[in-house]
Amino acid sequence: MPKLTVQRPSGVEEVLDVPAGDSVMEAATAAGVSEIEAICGGDMICSTCHVYVVDGPVDALPPVSDEEDEALGFVKAPREPGSRLSCQLPMSDAVDGLVVRVAPTQ
Ligand code: FES
């Protein structure tokens, strides 16, 4: 099972074992990371699942789609080069060891 490290805005870090196929958003919210609001449930319309990808096999992630890029224009925290919508990041063995930091505001 691929491992995902989630850094909360407070600095607390959690390492999760995530079933392949679940998104980073699904894994984090299931683990009680309440800072990720994910109001739309993964339909890419709320932009409240903003994370920064900070380490791990970044190149194995799917590229930002046009739709995600547009939705990232509505995030409340500053958009950075590693900004992603966590609902668009599927976990798999290829991204084992991924590290994300939750944006301070959603
Ligand atoms: Fe709404 Fe990701 S959960 S955009």
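Numbering starts at 1 and runs along the sequence shown. Atoms within a ligand are numbered from 1 in the order they appear, just like the ligands themselves.
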Check residues 52-62 and write down every donor-acceptor pair under 3.5 Å in which the side-chain atom is one partner and the other belongs to a residue at least two apart or another chain.
residue : atom : partner : partner atom : Å
Tyr52   : OH   : Pro78   : O            : 2.6

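Listed by first and then second residue, the side chain to side chain donor-acceptor pair (under 3.5 Å) pairs involving residues 88-106 amount to none (not counting sequence neighbours).
For atom 1 (Fe) of ligand 1, the neighbouring protein N/O/S atoms at less than 2.8 Å, given as residue and atom, are Cys40 SG, Cys46 SG.
Note that OG of Ser47 and NZ of Lys76 are 10.0 Å apart. Values are rounded to the nearest 0.5 Å. Distance SG/Cys87 to CG/Asp22: 13.0 Å, rounded to 0.5 Å.
Residues forming a side chain to side chain donor-acceptor pair (under 3.5 Å) with Glu80 (at least two apart in sequence, or on another chain): none.
No side-chain heavy atom of Leu98 sits less than 4.5 Å from a side-chain heavy atom of Thr5.
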